[in-house]
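Below, read A as the first sequence line, B as the second, and so on, with proteins coming before strands; counting in each chain starts at 1.
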There are 2 protein chains.
Amino acid sequence: MKCTRCREKAVVQLRHHHSNFCRECFLLFFERQVERGIHKERMFTEEEPILVAVSGGKDSLALWDVLVRLGYRTTGLHLALGIGEYSADSTRKTEEFARARDLPLVVIRLEDEGAAVPELAAVTRRPACAACGTAKRHHFDRIAIERGFPVLATGHNLDDEAARLLGNVLHWQTRHLAKQSPVLQPTHARFVRKVKPLFRVTEYESAIYAFLRGIDYVVEECPNSVGATQLVYKEVLNRLEDASPGTKLTFLQEFLRSGRPAFAEPEGERNSGTCSRCGMPAYGETCSYCALLASAERRRARDAGDDDTEEREAAFGGRQRE
Amino acid sequence: MKCTRCREKAVVQLRHHHSNFCRECFLLFFERQVERGIHKERMFTEEEPILVAVSGGKDSLALWDVLVRLGYRTTGLHLALGIGEYSADSTRKTEEFARARDLPLVVIRLEDEGAAVPELAAVTRRPACAACGTAKRHHFDRIAIERGFPVLATGHNLDDEAARLLGNVLHWQTRHLAKQSPVLQPTHARFVRKVKPLFRVTEYESAIYAFLRGIDYVVEECPNSVGATQLVYKEVLNRLEDASPGTKLTFLQEFLRSGRPAFAEPEGERNSGTCSRCGMPAYGETCSYCALLASAERRRARDAGDDDTEEREAAFGGRQRE
């Protein structure tokens, strides 16, 4: 198997691009795919400082790495989620990546504000992934605003975006379809632009890139992702890709070209409220993150007050907890 | 397992309807699903005579059977495709079904006009399924017009429609999405309305119905369907249905409700040409079926004339045929 570009020995085969690549040509191909996406979708310019959300997994570290190689000015932002050993490992690998390359990194520890994901999920009795998403959105926006970044980049790849699109399509979530894009313009003067520079590269390509660049990333999936519907969507998309290479890329690109415009809505009024608790944009009295924290606080207070009640109920063979 | 409706012993479990049924209640459920689809989509009235396209498979025979039970006036239309033993079996079972129930049946034998599917495919070098589709559309329309039927019903079920929708969505075929519907209004004054009364019932339900009604249908799939992309789509939809019962029905129903309207186009001018050869509606000089026949005739004539050439070439180790 020879490299399609330089005829040296190839190490990677990409059926959907009808190409094989040696190490050097694959890295070049990957960089170009990312750069093309950035330019085509006008994600950001070389002058803009970019805040990169970094989990410690292959995608976000590959993203940070390739943005640096392409000459962009980046700062990493890592949220330590407090999900046991998985999170400890993620934070450690992210910090090592930044230190080895002398890159600026901001680390936020949810535990420091009593908001570790498992705790938030337990006390609010909401799914862990919902609590986690709310916390991430809040801190991503907050840090970007506080430190003056006009744009936040995340490591979502083609598989992530195609799976999200499939989910939206299976339920014909037209409002979500109207908004799904590799570039999300801010819906509030205090929000920032959000971009997904890896939206044209597959999970496989991003893993190969991380491997060939010698990036030490967290291989384990988040323990909360087990059984997630998103994984079923990725599985069936892989089956379709296998039967017809290129399916995922066509699905997403044609959606952006022909599908999404059909769902475009007239721009609604911008959300202009402010959270009375943290000062971030909010639809109601408080933003959804502060509402989540408040709910956790109430639940903790009630549980503390309920201690006696529960002991009494237990003594009398009382009700089971959920 | 008890029947959800009458509490007798259930024989069928339908996870996506959260129901179990005994034989009688399942047949009633099936009839109601079909009738609801007919009324909701205004497919036809009890006064209109319906031409039912019948292949001899479970879906079309179940459709014919249920329409008769619901009191509609039906005539069957069967195309003998000339695909070896498979077609012979299909024609025999269709004829037996009609004879046993004393139902009117029109049979068209493609072989009689030198247009058996394998022959058409071979001489025109087009895929068998393309030639077959063209022949079916032509004869369905022709018989409906000649015999004064305002509407033609086909046995497409939920699995067929969901698979077609998935294919259209994966490629964002917006023109096809605009038109996909269980009721197709005629695009020409000489075409008729086409309807799919089984679009709300799954392949599984239609097989159970045929079995419980004692219908003897052709179990084999058409030999040309092996490897068809449609089958991969059905497979992944079954995987999604398994992970989340009701996925197929939601996918199709929400599409009709929320998705399709987004793709609606202003009604184009109706096709008003007439085929110079058969007198049926045509976009160009001839309709696509007559164009197919003409292409087959040209190829046969050329092949007959080429005989000498080929023998000469073979003698000199000449070119390979495709």
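- Of the two parts of L165(A), only the side chain, counted from C-beta on, holds a non-hydrogen atom closer than 4.5 Å to a non-hydrogen atom of chain B.
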Report the donor-acceptor contacts between chain A and chain B below 3.5 Å as a table, one pair per row.
residue, atom, partner, partner atom, Å
W172(A), NE1, F251(B), O, 3.1
E235(A), OE1, R239(B), NE, 3.3
E235(A), OE1, R239(B), NH2, 3.0
E235(A), OE2, R239(B), NE, 2.6
R239(A), NE, E235(B), OE1, 3.3
R239(A), NE, E235(B), OE2, 2.6
R239(A), NH2, E235(B), OE1, 3.0
F251(A), O, W172(B), NE1, 3.1

For this session: Apply the test side chain to side chain contact (heavy atoms under 4.5 Å, CB included) to residues F255(A) and V169(B): give CA-CA distance (whole Å), side-chain angles for both, the deciding distance (0.1 Å), then the verdict.
Result: CA-CA 8 Å; F255(A) 165 70; V169(B) 153; over 6 Å; no
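- Of the residues considered (L170(B), L166(B), V236(B)), L170(B) shows the highest number of contacts with chain A, using heavy-atom pairs under 4.5 Å.
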